[in-house]
Amino acid sequence: MTQIDGASTTPGYRVPRLRFAPSPTGFLHIGAFRTALFSWLYARHTGGQFIVRIEDTDLARTVEGAVDDFTQALQWLGMDVDEGLNIGGLYGPYSQVQRKALYQQYANQMIESGHAYKCYCTPERLDQMRKEQEAKKLPPRYDRRCRYLSEDEKAANIAAGLPYTVRFAMPLEGETVVHDKLHGDMIFKNTDLDDMIILKADGLALYHLAHLVDDHLMGITHVIRGEEWISSAPRHVQIHKALNWEVPEYYHVPVVLGKDKKKLSKRRGAPRWSEYKEQGYLPEAVFNFLALLGWSYDDKTEIFSQEELIKAFTLDRIGVASGIYDPDKLLWMNGLYIRRLPLADLVTRTIPYMERPEAEGGLPDSVQRPLDPEYTTRVLALEQERLKTLKDAAHAVSFFYEDEISYDNDILIQKKMDAAGTRDALQHARTFLAGLDTWEHTAMETPMREMATQLNLKTGQLFGSVRSAVSGRTATPPLFQMMEVLGREVTLQRIDQAIARLS
RNA sequence: GGCGCAUUCGUCUAGCGGUUUAGGACAUCGCCCUCUCAAGGCGGAGAUCACGGGUUCGAAUCCCGUAUGCGCUACCA
């Protein structure tokens, strides 16, 4: 295996190198990508590199398809990767199972230097020890039995071929300082740190060793990770010392909490990232929203394009307090991004949602696919500012496409009106509309306002009846523009049907 | 239990010793606009800056306690 020591081959100034290192143990929710986003933004802000590495040392929990899933997520969010699995790079491989020998090499090195030792304790003994400690209300911790094995005992264990793990020999006194750029210096007593396992009995490294070896070899300069790692950070600092390696800059960012104030997790109902795609959220809106989850620019700016974010993003403006993620605000932001979309983009991006089967939130199955892009452009022009998600469109505009609309007769009859009066009003409207020279909304409004006056109706009453007749709805885009798009034939036909319903 | 991190409107946040009667955004309420629904505009309500002590002429801002929340405490990451 040829490896390049990234940290030592580039003396002096190093281009920032940051990584996203998920473990493929499940499908990620958007909170998980927020940390990746910070790394990506900083890499792009500084002209550095963004690396993706798979932390797959836990074979038992590895989930099929997980790597594909987050690869797609990065793509969807527009986070391009400089090095990583399936892409390659100078510091590969980028999957930890393929780097097994490397971890063993450094573990051995530490055994030789006295910074680590082989532990022959069985899982059963460990379990029992933990139970006893808990019963005595003591902090559960390895009792370091194998650290003090005599040479004879060691030889006997080796001769017997006993399986072993490798543990890190933590300093027995003193303290460890973790320099964190967000939290400042965090000081830990070494007596609170135990001799954790760094190599499992099967020879594979644990996260504590593996991530650090990789970060070093891959020349990672800034480690941005969730604050759930703070507790183990002093252990990582100690391993760096034992290996005589430089500690990267740590940024422990707050976890994202759900409504229940617990760490966002799939088990607690946090949607997968793909849910947002499926529901018709725009990746640029999700990206913007995610960036604001624990990071802020100033006291007012919160809408940023990706380019603006790259320009504005600095690590020092990441906050330290955990925040509850607010789906309402994301929904608002998505609506805002939809409104700002050029119409042509909106159409091409919305049509796939509309063409989905009815059962999946698309238009009624009776509507012919594929949709006419030109007609749909005219339809969506009227609906754009009313949409919160792309998926909303199908329901909002279905009456533009249906041959038969169904509705309750009650909605035809407006306040302070009766069936006969409504029928009469619709008849007048029908006659007028049928006689128009050109079918343009600008030609409709003024005459119909006059008509309302003549009929002794409020415009709201007349327009409301016509609206319901033509759409089967009570909430629609502006009436005349809607009728223009529907066309004369459909409009008149639907008014006729409404009149028939009231007879 | 131990160790650690955090604590400004319901929520996200600005604030880094005096410019603050604590600013913005979402949500909420009201008004305006208006053919409905939105969008938009204007305005209201909403935070004794967790609490208690210090330091200082002066603290949301610095220090120390307490409380609460969260995280870690695996041959998981």
Side-chain angles (χ1 to χ4, degrees), chain A residues 21-26 55-58 60-61 119 121-123 126-127 130 133-134 136-141 163-167 178 180 182-183 186-189 191-194 196-202 204-208 210-211 225-234 252 254-255 257 259 261-263 289 292-303 319-333 335-336 339 383-388 396 414 445 448-449 452 458-468 471 473-480 482:
Chain A
S23 70
T25 52
E55 312 240 301
D56 50 1
T57 51
D58 189 355
R61 293 201 311 154
C119 174
C121 295
T122 61
L126 262 20
D127 263 358
R130 245 192 305 276
Q133 286 166 334
E134 274 167 30
K136 290 184 203 157
K137 300 256 180 196
L138 290 168
R141 201 130 56 200
Y164 63 88
T165 61
V166 176
R167 286 185 183 269
V178 176
D180 182 288
L182 261 22
H183 296 270
M186 298 183 287
I187 300 163
F188 297 81
K189 285 203 266 305
T191 46
D192 288 327
L193 272 22
D194 67 351
M196 78 278 192
I197 294 173
I198 53 177
L199 219 58
K200 290 185 272 191
D202 65 3
L204 245 176
L206 258 75
Y207 171 85
H208 299 297
H211 91 276
R225 59 180 6 175
E227 68 179 4
E228 68 266 27
W229 293 108
I230 288 179
S231 309
S232 37
H252 288 97
V255 294
L257 307 177
K259 274 263 186 284
K261 294 199 166 196
K262 294 268 196 281
K263 196 164 87 168
F289 179 78
L292 258 23
L293 225 52
W295 177 86
S296 63
Y297 179 69
D298 59 16
D299 62 340
K300 44 183 75 76
T301 322
E302 53 181 10
I303 302 303
V320 288
S322 303
I324 296 169
Y325 138 84
D326 179 9
D328 279 346
K329 189 148 182 174
L330 207 208
L331 191 61
W332 164 77
M333 198 175 275
L336 187 131
R339 271 170 256 136
E383 200 59 44
Q384 181 164 19
E385 71 181 30
R386 272 157 264 265
L387 297 176
K388 288 260 195 286
Q414 304 299 303
E445 182 161 352
M448 283 198 56
R449 283 184 184 282
K458 294 194 170 167
T459 50
Q461 292 175 304
L462 206 218
F463 295 0
S465 292
V466 177
R467 174 191 327 283
S468 294
S471 67
R473 308 283 181 90
T474 54
T476 72
L479 176 62
F480 306 106
M482 175 171 73

Revision key, fill the gap. Contacts of A/K189 and A/V255 projected onto RNA chain B by closest heavy atom; the upstream (5') one is A/K189

Exercise for review: Measure the distance from CD on A/Q133 to P on B/G1 and round it to the nearest whole Å.
Suggested key: 17 Å

Practice item. Check every atom of B/G2, B/U7, B/C5 against the side chain of A/A321 and return the nucleotide holding the closest atom. Key: B/U7

Exercise for review: With a 3.5 angstrom cut-off on both distances, give the Watson-Crick or G-U wobble partner of B/C3, or none if there isn't one.
Suggested key: B/G71

Review point. When we call it a touch if two heavy atoms are under 4.0 Å apart, what does A/R339 touch: a base, just sugar-phosphate, or nothing?
Key: sugar-phosphate

**Study point:** Value in whole Å for how far the P atom of B/U20 lies from CG of A/D299
**Key:** 13 Å

Revision key, fill the gap. Taken in chain and number order and not counting sequence neighbours, the residues that satisfy ring pair (Phe, Tyr, Trp, His ring centres under 6.0 Å) with A/H183 are none

Check your understanding: Taking protein heavy atoms under 4.0 Å as touching, what does nucleotides 31-37 of chain B look like 5' to 3' if B marks base contact, S marks sugar-phosphate-only contact and - marks none?
Key -> ----BBB

Review point. For the pair made of CZ in A/F188 and C1' in B/G71, what is the distance, rounded to whole Å?
Key: 11 Å

Check your understanding: Taking any strand in view, what nucleotide pairs with B/G65 in a Watson-Crick or G-U wobble way, both distances under 3.5 Å?
Key -> B/C51

Exercise for review: For nucleotides B/A60 and B/U19, find the distance between their P atoms and express it as a whole number of Å.
Suggested key: 10 Å

Exercise for review: Output all residues satisfying side chain to side chain contact (heavy atoms under 4.5 Å, CB included) with A/K329, sequence neighbours left out; order by chain, then residue number.
Suggested key: A/F289, A/E302, A/D326, A/W332

Exercise for review: Using a heavy-atom cut-off of under 4.0 Å over every strand shown, decide if A/M333 touches base, sugar-phosphate, or nothing.
Suggested key: nothing

Study note, to complete from the structure: Sequence neighbours excluded, the answer for side chain to side chain donor-acceptor pair (under 3.5 Å) partners of A/S322 is A/E227

**Study point:** B/A74 to B/U55 separation - P atoms, rounded to the nearest Å
**Key:** 43 Å

Exercise for review: Rounded to the nearest angstrom, tell me the gap between atom NE2 in A/H183 and atom P in B/C70.
Suggested key: 17 Å

Point to revise | For A/Y164, side chain to side chain donor-acceptor pair (under 3.5 Å) partners two or more places apart | key: none

Practice item. Would you indicate whether the side-chain heavy atoms of A/F463 and A/R449 approach each other to under 4.5 Å? Key: yes

**Study point:** Atom P, compared across B/C62 and B/C16: separation rounded to whole Å
**Key:** 11 Å

Check your understanding: Quantified in whole Å, what is the P atom distance between nucleotide B/A45 and nucleotide B/A39?
Key -> 23 Å

Point to revise | Heavy-atom side-chain proximity of A/D194 to A/R167 below 4.5 angstrom | key: no

Point to revise | Whole-angstrom distance between B/A25 and B/G46, as gauged at atom C1' | key: 14 Å

Output one line per pair: protein atom, nucleotide atom from nucleotides 9-12 of chain B, and distance, for all N/O pairs under 3.5 Å.
unit_1 : atom_1 : unit_2 : atom_2 : d
B/C12  : OP1    : A/I324 : N      : 2.9

Exercise for review: Find the distance A/I230:CD1 to B/C3:C1' and express it as a whole number of Å.
Suggested key: 12 Å

Practice item. Let me know the distance between CG of A/L331 and P of B/A25, rounded to the nearest Å. Key: 18 Å

Study note, to complete from the structure: Comparing nearest nucleotides in RNA chain B, the 5'-proximal residue of the pair A/K300, A/I187 is A/I187

Point to revise | A/E228 side chain vs A/V255 backbone, donor-acceptor pair below 3.5 Å | key: no

Review point. With a 4.5 Å heavy-atom cut-off, do A/D192 and A/R141 have their side chains touching?
Key: yes

Report all interatomic pairs (protein N or O, nucleotide N or O of nucleotides 42-48 of chain B) with separations under 3.5 Å.
none

Review point. When the P atoms of B/G10 and B/C49 are considered, how many whole Å apart are they?
Key: 13 Å

Check your understanding: Is there a Watson-Crick or G-U wobble partner for B/A39 with both distances under 3.5 Å, and if so, which one is it?
Key -> none

Exercise for review: State, to 0.1 Å, how close A/S468 and A/Q414 come at their nearest heavy-atom pair, and which atoms those are.
Suggested key: OG-NE2, 4.4 Å

Exercise for review: Find out whether A/R225 and A/H211 are in side-chain contact, i.e. whether some heavy atom of one side chain is under 4.5 Å from a heavy atom of the other.
Suggested key: yes

Heteroatom pairs (N/O) under 3.5 angstrom, protein to nucleotides 72-77 of chain B:
unit_1 : atom_1 : unit_2 : atom_2 : d
B/C72  : OP1    : A/K263 : NZ     : 3.4
B/C75  : O2     : A/A201 : N      : 2.8
B/C75  : N4     : A/C121 : O      : 3.4
B/C76  : O2'    : A/D58  : OD2    : 2.3
B/C76  : O2'    : A/R61  : NE     : 3.2
B/C76  : O2'    : A/R61  : NH2    : 2.8
B/C76  : O2     : A/R61  : NH2    : 2.9
B/A77  : OP1    : A/T57  : OG1    : 2.5
B/A77  : OP2    : A/Y207 : N      : 3.1
B/A77  : O2'    : A/S23  : OG     : 3.1

Check your understanding: Taking only residues two or more places apart in sequence or in another chain, which ones pass salt bridge (Lys or Arg N to Asp or Glu O under 4.0 Å) with A/D180?
Key -> none

Check your understanding: OG/A/S231 to NE2/A/H252 distance, rounded to the nearest 0.5 angstrom?
Key -> 9.0 Å

Exercise for review: Name all residues meeting the side chain to side chain donor-acceptor pair (under 3.5 Å) criterion together with A/T476; count only those two or more places apart in sequence or in a different chain, and write none if there are none.
Suggested key: A/R467

**Study point:** Interatomic distance at C1', B/U20 relative to B/G54, whole Å
**Key:** 24 Å

Review point. Across all strands shown, which nucleotide pairs with B/U11 by Watson-Crick or G-U wobble geometry, both distances under 3.5 Å?
Key: B/A25

Practice item. Rounded to whole angstrom, note down the C1' distance from B/G30 over to B/C35. Key: 23 Å

Practice item. Tell me which nucleotide among B/A25, B/C3, B/U13 gets nearest to the side chain of A/S296. Key: B/U13

Practice item. Round to a whole Å and report the spacing from CH2 of A/W332 to P of B/G24. Key: 14 Å

Review point. Of all residues at least two apart in sequence or in a different chain, which pass the salt bridge (Lys or Arg N to Asp or Glu O under 4.0 Å) check with A/R339?
Key: none

Exercise for review: On the 0 to 90° scale, with breaks at 30° and 60°, tag the A/Y297-A/W295 ring pair as parallel, tilted or perpendicular.
Suggested key: tilted

Review point. Who pairs with A/D56 by salt bridge (Lys or Arg N to Asp or Glu O under 4.0 Å), at least two apart in sequence or on another chain?
Key: none

